[in-house]
Amino acid sequence: MPSRQPDRADPEIVLRLLTEAYPDARVELAASNPLELLIAIVLSAQTTDERVNSVTPELFTRYRTAADYAAADLADLERILGPVGYYRQKAKAVKAVATALVERFDGEVPRTVEELVSIPWVGRKSAHLLVVSMFGGSALAVDTHVKRLAKRLGWTTQDDADKVEAEVAALFDPAELGRLTLTAILHGRRVCTARRPACGSCVLAGVCPSAGQFG
DNA sequence: ATCCCGAGGG
DNA sequence: CCCTCTGGAT
């Protein structure tokens, strides 16, 4: 008798297994202060953190404050951001973000989700990730990895990130959502990849309804 | 729904 | 070749 997986993995068990697998999970974008992390997160859209980390040393050396970015020459930004995807949009985005910080937040990065999403180019995912990884908050940041895991674990059938967030967050104590976000992102990058997930070495294989369905 | 971006993998 | 990579704006 082959054992059948439930069609929905138990949330608490999943979180426990992920926490054991990634006890020190944190964002792997290189940044030493909230401004740097905010910039790095904006640059990370549809781009690996490794690629973001390849351009931020020069970026962070050349520009130190929000005012520096706001006054930056667009062509200089585009040149530095060349290796990341969407470099023209992101050069504009960096300037727009910095301008908003200078004009409305005294050059500082605000700490609430509401304030953060009021900044151009900062959406809900980016705001949540920043709050979780820099300000000690707890929220679910639904990026491509979190969405993929949630679907494979049977936690949602939605495709819209906001709907995924609502359905998944309802399965957890709010205080756990930050840890879920950070561990799920790492697991998505390292094991539960989009193309060929490594179900054979996945700590969740025993509870995942999608385990082994990918060859 | 489409656009932005291009390297890298399968 | 097609898909993916820590989205967000139009």
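Note that these values count all heavy atoms, side chains included, but never hydrogens, waters or copies made by symmetry. A, B, ... follow the sequence lines: proteins, then strands. Residue 1 opens every chain.
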d(CG, A:Asn53; C1', C:dC5) in whole Å: 14 Å
Taking for each residue the nucleotide of DNA chain C bearing the nearest heavy atom, is the 5' side occupied by A:Val27 or by A:Pro120? A:Val27
Out of curiosity, A:Leu43 CG to A:Asp49 CG, how far, rounded to the nearest 0.5 Å? 12.0 Å
At less than 4.0 Å, is any side-chain N or O atom of A:Arg88 found next to OP1 or OP2 of B:dC5? Yes or no. yes
Phosphate contact (C:dC5 OP1 or OP2) by A:Thr144 side-chain N/O below 4.0 Å: yes
With a non-hydrogen cut-off below 4.0 angstrom, is A:Pro83 in contact with a base, only sugar-phosphate, or nothing? nothing
Separation of atom CD1 in A:Ile39 from atom C1' in C:dT6, rounded to whole Å: 16 Å
Can you tell me the distance, in whole Å, between the CZ atom of A:Arg79 and the C1' atom of B:dC5? 18 Å
Do the side chains of A:Leu129 and A:Asp143 get nearer than 4.5 Å, heavy atoms only? no
Rounded to whole Å, OH of A:Tyr86 lies from C1' of B:dA7 at a distance of 13 Å
Please tell me which of A:Ala194 and A:Ala127 maps to the more 5' nucleotide of DNA chain C, matching each residue to the nucleotide holding its nearest heavy atom. A:Ala194
Please report the distance, rounded to the nearest Å, between CG in A:Leu43 and P in C:dG8. 12 Å
Counting only heavy atoms and a strict 4.0 angstrom limit, can you tell me which residues of residues 145-164 of chain A come near DNA chain C? A:His145, A:Arg148
Could you state the CG-P distance from A:Leu180 to C:dT6, rounded to the nearest angstrom? 17 Å
Would one find a side-chain N or O of A:Ser44 under 4.0 angstrom from OP1 or OP2 of C:dC5? no
Using a heavy-atom cut-off of 4.0 Å across all strands, would you classify A:Thr193 as base, sugar-phosphate, or nothing? nothing
Atom-pair distance (NZ on A:Lys92; C1' on B:dC3), nearest Å: 11 Å
Looking at every strand, decide which applies to A:Leu129 at a 4.0 Å heavy-atom threshold: base, sugar-phosphate, or nothing. base
Could you run through DNA chain C and flag its stems, i.e. three or more consecutive Watson-Crick or G-U pairs with both distances under 3.5 Å? B:1-4 with C:7-10, B:6-10 with C:1-5
Taking atom P in both B:dC3 and C:dT6, what distance in whole Å separates the two? 23 Å
Work out how far the P atom of B:dA7 is from that of C:dG8, and round it to whole angstrom. 24 Å
Side-chain heavy atoms of A:Glu28 within contact of A:Leu186, under 4.5 Å: yes
May I ask you to decide if A:Pro174's main-chain N or O and A:Ser138's side chain share a donor-acceptor pair within less than 3.5 Å? yes
For A:Gln46 and B:dA7, what is the distance between atoms CD and C1' respectively, to the nearest whole Å? 14 Å
Non-hydrogen side-chain atoms of A:Ser126 and A:Trp121 separated by less than 4.5 Å: no
Would you say A:Thr193's side chain and A:Arg196's backbone share a donor-acceptor pair under 3.5 angstrom? yes
If the threshold is 4.0 Å, N to carboxylate O, is there a salt bridge linking A:Asp76 and A:Arg62? no
Any heavy-atom pair between the side chains of A:Pro197 and A:Arg152 that's under 4.5 Å? yes
In terms of side-chain geometry, is the basic nitrogen of A:Arg16 or A:Glu20 positioned less than 4.0 Å from the acidic oxygen of its partner? yes
What nucleic acid atoms does A:Arg189 come within less than 4.0 Å of, heavy atoms only: base, sugar-phosphate, or nothing? base
Closest of B:dG8, C:dT6, C:dG8 to the A:Asp143 side chain is C:dT6
Taking NZ, NE, NH1 and NH2 as the nitrogens, is one of them in A:Glu50 or A:Arg189 under 4.0 Å from a carboxylate oxygen of the other? no
